[in-house]
Amino acid sequence: MGQEDQRFDEHLDMGNQTTVSYFVLSGVSSEPQLQPFLFVVFLLIYLLTVVGNGAIMAVIKADPHLHTPMYFFLFHLSFLDICYSSVTVPMMLQNFVRDKKTISLHGCLAQMSLILLVACTEIFMLSAMAYDRYAAICDPLHYGGTMTKQICIRLVAAAWLISVLYAMINTAPVLHLHFCGPKEVNNFSCELPSLLEVSCTAIITSKMTFLTSAMIVSLTSFSITLVSYICIISTILRIRSAKGRSKAFSTCSSHLTVVVLYYGAALFRYLRPSSASSVVLDRLFSIQYSILTPMLNPIIYSLRNREVKAALGNLLGKMQGI
């Protein structure tokens with residue numbers, strides 16, 4: 001409570017303090033010699049993310065064989081990956097090539113809200129994909145009736161609606177905070193935990209709101225995914241033939257890989273105790289789930305999915321024939 005009391009005392013004496021109108025994003029590295037190299041690296045990552053996920057979306061849209069619930073959710077996951085990277089990477093690239101690595105207060109708050117929105121939608125999309133795999137593997141005879149087009153649309157709409165509420169609930173308390181310095185945000189983007197660290201007013205409401213909502217969202221989505229995979233693994237182990245087990249597992253191996261990558265980094269970043277805080281680790285894990293994972297998703301799905309590879313080959317063949 002000592003830190004909270006100090007911030008509250010500072011709030012009582014605002015007369016000699018200036019309200020912050022912009023923040024300085026410390027970025028990935030403060031070494032000037034590394035900036036050109038990092039610009040090229042993250043530009044390539046961003047281009048791979050956009051092109052890779054865009055290709056997945058184009059293939060799913062163009063190939064009638066991929067008009068199934070699993071690829072319907074994959075289409076939306078690819079769209080979310082493009083959005084996630086686009087919220088953070090362009091600003092990062094700008095900061096690599098300019099001296100003043102700044103972002104306006106309103107721009108920072110907008111970026112924070114979009115990160116919350118897209119991140120929350122993505123974890124619920126992963127949960128919807130896990131449920132789809134559960135229905136396909138554990139109850140194949142009723143799969144067509146369980147995962148209808150209307151059900152899939154409702155699941156995607158529910159993911160967006162919950163995420164909009166989640167972003168609004170966490171953004172509202174931050175709008176009432178006062179930022180009077182320091183101006184430097186110890187990250188390459190305006191994530192909520194990093195933003196709370198530079199507030200000079202009491203952040204207990206914002207912190208409790210974020211921790212509570214993040215726990216509810218994480219536990220809900222993770223529970224759906226975990227229970228689905230417990231049932232899936234149990235069903236696969238009961239399949240007698242090794243070929244049958246391999247075929248069943250291959251239909252969800254790509255999704256399971258993405259889930260491990262995303263949840264592992266995000267849960268460590270947001271739900272670890274404050275005593276384990278580290279600026280370097282925070283940046284590394286933020287880079288993994290907000291920049292690297294969106295780039296890896298299309299690679300994982302295309303390399304480990306025969307249908308996607310075949311559809312991609314057909315699409316490239318048609319494009320070369322034009």
Side-chain angles (χ1 to χ4, degrees), residues 42 45-61 66-92 110-133 151-168 170-171 189-192 213-214 217-218 220-222 224-225 228 252 254-267 269-270 285-302 305 308:
F42 283 99
I45 290 174
Y46 182 62
L47 291 175
L48 285 173
T49 300
V50 174
V51 172
N53 285 287
I56 293 287
M57 294 173 68
V59 165
I60 293 173
K61 196 75 173 176
L66 301 183
H67 293 176
T68 63
M70 180 173 71
Y71 295 108
F72 175 80
F73 293 127
L74 179 57
F75 179 92
H76 287 275
L77 182 67
S78 296
F79 173 72
L80 285 167
D81 284 335
I82 293 175
C83 292
Y84 209 158
S85 290
S86 298
V87 170
T88 56
V89 179
M91 175 60 69
M92 182 194 295
Q111 187 182 63
M112 179 202 74
S113 298
L114 290 172
I115 290 173
L116 292 170
L117 172 64
V118 178
C120 184
T121 309
E122 183 144 344
I123 65 171
F124 276 111
M125 199 65 63
L126 290 172
S127 298
M129 295 175 78
Y131 177 73
D132 171 69
R133 292 299 83 205
I151 293 295
C152 294
I153 292 173
R154 288 174 185 174
L155 287 173
V156 171
W160 278 102
L161 179 60
I162 293 170
S163 302
V164 168
L165 293 174
Y166 174 73
M168 291 174 62
N170 282 287
T171 301
S189 62
C190 293
E191 294 189 2
L192 181 54
S213 60
V217 164
S218 300
T220 301
S221 59
F222 185 72
I224 295 171
T225 304
S228 296
C252 57
S254 299
H255 175 259
L256 186 58
T257 303
V258 172
V259 166
V260 171
L261 284 173
Y262 190 86
Y263 273 102
L267 289 177
R269 169 69 174 91
Y270 285 111
F285 282 105
S286 294
I287 288 172
Q288 180 181 327
Y289 64 75
S290 65
I291 298 176
L292 293 182
T293 300
M295 178 195 70
L296 292 173
N297 282 355
I299 298 174
I300 293 169
Y301 277 102
S302 60
N305 192 301
V308 172

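No hydrogens or angles considered: nothing links the side chains of T88 and S290 as a donor-acceptor pair under 3.5 Å.
Side-chain contact check for S127 versus F222: every heavy-atom pair is 4.5 Å or farther apart. A 4.5 Å side-chain heavy-atom check between R133 and L256 finds every atom pair outside the cut-off. Side chains of F72 and I60 form no contact here, defined as non-hydrogen atoms less than 4.5 Å apart. A heavy-atom distance below 4.5 Å is found between the side chains of V156 and F73.
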Inset, instruction - Evaluate side chain to side chain contact (heavy atoms under 4.5 Å, CB included) for Y84 paired with T49, printing each intermediate quantity in order. - result: CA-CA 10 Å; Y84 209 158; T49 300; over 6 Å; no
Inset, instruction - Decide side chain to side chain contact (heavy atoms under 4.5 Å, CB included) for T220 and F124; before the verdict, give the C-alpha distance in whole Å, the side-chain angles of both, and the deciding distance to 0.1 Å. - result: CA-CA 9 Å; T220 301; F124 276 111; 4.2 Å; yes
Inset, instruction - Mind running side chain to side chain contact (heavy atoms under 4.5 Å, CB included) on H255 and D132 for me, showing each step along the way? - result: CA-CA 11 Å; H255 175 259; D132 171 69; over 6 Å; no
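Distance check: L77 CG to M57 CE gives 10.5 Å after rounding to the nearest 0.5 Å. Taken to the nearest 0.5 Å, the OG1 atom of T225 stands 10.5 Å off from the CE atom of M129.
No side-chain donor-acceptor contact under 3.5 Å links N297 to the backbone of V258. Judged by distance alone, with hydrogens and angles left aside, the side-chain atoms of Q111 form a donor-acceptor pair with the main-chain N or O of V87 at under 3.5 Å. With hydrogens and angles disregarded, no donor-acceptor distance shorter than 3.5 Å links the side chain of S85 to the backbone of I82. Between the N170 side chain and the Y166 main chain, a donor and an acceptor come within less than 3.5 Å of each other.
Between Y71 and H67, a ring centre-to-centre spacing not shorter than 6.0 Å is recorded.
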